[in-house]
Amino acid sequence: LDLYGQSLSWNDIIHMDTGATIAATRSGAQSTFTFTGSGPKTFLGNFVDGGSLSDGLLHLVYAPATKDSSWTLKGYIDTRGGMDITSGNLAVQGALTLHAGGYIDPTQYEKASFDLGDSLVNLTDASFTVARNATARGRFVLDDKSTLIVDSRGETSSDAQGVLEGAYLDGSVNLTTKNSILRVTPDDKFRVQINADLSGQGRIIKEGAGTLFLTGINALTGSSLIS
């Protein structure tokens, strides 16, 4: 589905496979796709645009009617039009691998990607989760009621799998107030890595027995807690 300069607001997406793609490729135009579905929702498909205004941009909005809603993206998102998350929890997580005969191995996950480049990902009274076998990149800005979660857990077939299928956060994160939180909760054997530059008054809370790697510039002024 190519929005081609138009904007749509949907309250649900029903897909049959991982091939569904919503795009915006009209030259010189920005489209907006707003998802308002309440409750737990999942999308296995993809969002893409042209990468610049001259080739078409797609702006994404997640605005569920109820705060306890969640939307899990398990495909790939490659857009440069930014995103607003105004409620609920948006998560990026790999999907379980489907084998012949409908068999699902609980230890095998596909890779998911959320790549907005340097575009703004604005969280207002909301949360964003980067989960197992997923990578997220963007310019994340959190208000005083928002949380960014980096987490990885589940069954594994080897210790190495926990390293290979960890969660990765790239780009930058601005925890604008002391109540803005970056929460890291990897399970035992799992590795999560934050390559993003960190700034603002907020703090990191590290929980869980897994390993956290910080490789970006850490300019946070808030305290960090490891438990």
Participant: For residues 79-98, which residue pairs pass the salt bridge (charged side-chain N to carboxylate O under 4.0 Å, His left out) check, not counting sequence neighbours?
Facilitator: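 Listed once each, the pairs are Asp78-Arg80, Arg80-Asp115.
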
Participant: Any side-chain heavy-atom pair from Met83 and Ile77 closer than 4.5 angstrom?
Facilitator: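 Side-chain contact under 4.5 Å: no.
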
Participant: Spell out, yes or no, whether Leu220 and Val184 are grouped together once hydrophobic residues are joined by side-chain heavy atoms under 4.5 Å, including indirect joins.
Facilitator: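 Yes.
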
Participant: So Gln193 and Asn195, do their side chains get closer than 4.5 Å, heavy atoms only?
Facilitator: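 Yes. Closest side-chain heavy atoms under 4.5 Å.
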
Participant: Do Val61 and Leu1 belong together in a cluster built from hydrophobic side chains that touch within less than 4.5 Å?
Facilitator: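 Different hydrophobic clusters.
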
Participant: Can you tell me how far CZ of Phe47 sits from CD1 of Ile22, rounded to the nearest 0.5 angstrom?
Facilitator: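 CZ of Phe47 is found 4.0 Å from CD1 of Ile22.
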
Participant: Any ring-ring contact (aromatic ring centres under 6.0 Å, His included) pairs touching residues 153-189, not counting sequence neighbours?
Facilitator: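 Those involving residues 153-189 do not exist here.
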
Participant: Are Thr185 and Asp151 close enough, and set up right, to give a side chain to side chain donor-acceptor pair (under 3.5 Å), and what steps lead you there?
Facilitator: CA-CA 5 Å; Thr185 58; Asp151 177 52; 2.9 Å; yes

Participant: In Å, rounded to the nearest 0.5 Å, how long is the span from NE2 of His59 to OG of Ser119?
Facilitator: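 Reported value, rounded in 0.5 Å steps: 10.5 Å.
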
Participant: Roughly how far, to the nearest 0.5 Å, is the CD1 atom of Ile149 from the CG atom of Leu169?
Facilitator: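 Leu169 CG to Ile149 CD1: 12.0 Å, rounded to 0.5 Å.
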
Participant: Only counting residues at least two apart or in another chain, list the ones meeting ring pair (Phe, Tyr, Trp, His ring centres under 6.0 Å) with Phe140.
Facilitator: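 For Phe140, the residues satisfying ring pair (Phe, Tyr, Trp, His ring centres under 6.0 Å) (neighbours in sequence not counted) are Phe128.
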
Participant: Is it true that atom NZ of Lys111 has more than 12 heavy atoms of other residues, nucleotides or ligands lying nearer than 6.0 Å?
Facilitator: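 Yes, enclosed.
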
Participant: Which pair of non-hydrogen atoms, one from Glu207 and one from Pro186, has the smallest distance, and what is that distance?
Facilitator: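 Between these two residues, the closest heavy atoms are O-CD, 3.5 Å.
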
Participant: Could you list the residues that satisfy side chain to side chain contact (heavy atoms under 4.5 Å, CB included) with Leu120, not counting sequence neighbours?
Facilitator: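 Once residues adjacent in sequence are excluded, the partners of Leu120 under the side chain to side chain contact (heavy atoms under 4.5 Å, CB included) criterion are Asn122, Arg139, Val141.
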
Participant: Is Leu123 close to Val121 at the side-chain level, that is, under 4.5 Å between some pair of heavy atoms?
Facilitator: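 When only atoms from C-beta onward are counted, Leu123 and Val121 do touch, with a gap below 4.5 Å.
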
Participant: Starting at CD1 of Ile217, measure out to CG of Leu214 and round the result to the nearest 0.5 Å.
Facilitator: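 Reported value, rounded in 0.5 Å steps: 12.5 Å.
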
Participant: Does a sphere of radius 6.0 Å around CG in Asp118 hold more than 12 heavy atoms from other residues, nucleotides or ligands, not counting ones at 6.0 Å or beyond?
Facilitator: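 Not more than 12 within 6.0 Å, no.
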
Participant: Hey, could you give me the CG/OG1 distance between Asp187 and Thr156, rounded to the nearest 0.5 Å?
Facilitator: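 One finds 9.0 Å between CG of Asp187 and OG1 of Thr156.
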
Participant: The criterion is side chain to side chain contact (heavy atoms under 4.5 Å, CB included); which residues satisfy it with Thr36, sequence neighbours excluded?
Facilitator: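 Scan of Thr36 (side chain to side chain contact (heavy atoms under 4.5 Å, CB included), adjacent residues dropped) gives Ser9, Asn11, Thr34.
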
Participant: Which value, rounded to the nearest 0.5 Å, describes the distance between Arg183 atom CZ and Ile204 atom CD1?
Facilitator: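 Here the interatomic distance stands at 12.0 Å.
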
Participant: Would you mind reporting whether Leu90 and Leu73 have side-chain heavy atoms less than 4.5 Å apart?
Facilitator: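 A side-chain contact exists here, since the closest heavy-atom pair is under 4.5 Å.
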
Participant: Any idea which heavy atoms bring Ser31 and Gly5 closest together, and the distance?
Facilitator: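 Smallest heavy-atom distance, with atoms named: OG-N, 2.9 Å.
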
Participant: Is Val92 reachable from Ile13 through a run of hydrophobic residues whose side-chain heavy atoms are each under 4.5 Å from the next?
Facilitator: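 Same hydrophobic cluster.
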
Participant: Just so I know, are the side chains of Phe35 and Leu60 near enough to count as touching, which here means a heavy-atom distance under 4.5 Å?
Facilitator: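 No. Closest side-chain heavy atoms not under 4.5 Å.
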
Participant: Ser27 and Ser54: which non-hydrogen atoms are nearest, and at how many Å?
Facilitator: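 Answer, listing the atom of Ser27 first, then Ser54: OG-O, 2.6 Å.
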
Participant: Which pair of non-hydrogen atoms, one from Gly166 and one from Ser152, has the smallest distance, and what is that distance?
Facilitator: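 Closest pair (atom of Gly166, atom of Ser152, distance): CA-OG, 3.7 Å.
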
Participant: Could you tell me whether the side chain of Ser38 and the main chain of Ala65 form a donor-acceptor pair under 3.5 Å?
Facilitator: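 The answer is yes, because a donor-acceptor pair under 3.5 Å joins these two groups.
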
Participant: Enumerate the residue pairs fulfilling salt bridge (charged side-chain N to carboxylate O under 4.0 Å, His left out) with a member in residues 156-174, sequence neighbours excluded, ordered by first and then second residue.
Facilitator: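 Every pair satisfying salt bridge (charged side-chain N to carboxylate O under 4.0 Å, His left out) with a residue in residues 156-174: Arg132-Glu165, Asp159-Lys189.
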
Participant: If Ile, Leu, Val, Met, Phe, Trp and Tyr residues are connected whenever their side-chain heavy atoms lie under 4.5 Å apart, and connections chain through other members, are Phe43 and Ile85 in the same group?
Facilitator: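 Per the 4.5 Å side-chain linkage, Phe43 and Ile85 are co-clustered.
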
Participant: Please name all residues satisfying salt bridge (Lys or Arg N to Asp or Glu O under 4.0 Å) with Lys67, sequence neighbours left out, ordered by chain then number.
Facilitator: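 Checked Lys67 against salt bridge (Lys or Arg N to Asp or Glu O under 4.0 Å); matches are Asp125.
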
Participant: Under the ring-ring contact (aromatic ring centres under 6.0 Å, His included) definition, can you give me all pairs with a residue in residues 181-224, not counting sequence neighbours?
Facilitator: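 For residues 181-224, and leaving out neighbouring residues, there are no ring-ring contact (aromatic ring centres under 6.0 Å, His included) pairs at all.
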
Participant: Out of Pro40, Ser127, Ser69, which one pairs with Asn89 under the side chain to side chain contact (heavy atoms under 4.5 Å, CB included) rule?
Facilitator: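 Passing option: Ser127.
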
Participant: With salt bridge (charged side-chain N to carboxylate O under 4.0 Å, His left out) as the rule and sequence neighbours excluded, what pairs involving residues 194-203 come up?
Facilitator: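 The answer is none; no pair qualifies.
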
Participant: Please check: side-chain N/O of Asn133 versus main-chain N/O of Tyr109, any donor-acceptor pairing under 3.5 Å?
Facilitator: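 Pair found, side chain donor or acceptor close to backbone of Tyr109.
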
Participant: Checking Tyr62 now: which residues fulfil ring pair (Phe, Tyr, Trp, His ring centres under 6.0 Å) with it, not counting sequence neighbours?
Facilitator: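 Here the qualifying residues are Trp71.
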
Participant: Around atom CG of Leu53, are there more than 12 heavy atoms of other residues, nucleotides or ligands at under 6.0 Å?
Facilitator: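 Correct, the count exceeds 12.
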
Participant: Hydrophobic clusters here meaning ILVMFWY residues chained together by side-chain heavy-atom distances under 4.5 Å, can you tell me if Val150 and Leu212 are in one?
Facilitator: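 Result: yes, single cluster for both.
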
Participant: Looking at Ala24 and Leu57, what are the two nearest heavy atoms and their distance?
Facilitator: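 Scanning both residues completely, I find the closest heavy atoms to be CB-O, 3.4 Å.
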
Participant: Let me check something: any side-chain donor-acceptor pairs from residues 174-182 under 3.5 Å, sequence neighbours excluded? List them with distances.
Facilitator:
| residue | atom | partner | partner atom | Å |
| --- | --- | --- | --- | --- |
| Thr176 | OG1 | Leu142 | O | 2.5 |
| Thr177 | OG1 | Asn179 | N | 3.2 |
| Thr177 | OG1 | Ser180 | OG | 3.4 |
| Ser180 | OG | Leu142 | O | 3.4 |
| Ser180 | OG | Asp143 | O | 2.8 |
| Ser180 | OG | Thr177 | N | 3.3 |
| Ser180 | OG | Thr177 | O | 3.4 |

Participant: Not counting sequence neighbours, list each pair that qualifies as a salt bridge (charged side-chain N to carboxylate O under 4.0 Å, His left out) and has a residue in residues 39-55.
Facilitator: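 Of all non-adjacent pairs touching residues 39-55, those that pass salt bridge (charged side-chain N to carboxylate O under 4.0 Å, His left out) are Asp12-Lys41.
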
Participant: Please report the closest heavy-atom contact between Ile104 and Leu96, naming both atoms and the distance.
Facilitator: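 That closest heavy-atom pairing would be CG2-CB, 3.7 Å.
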
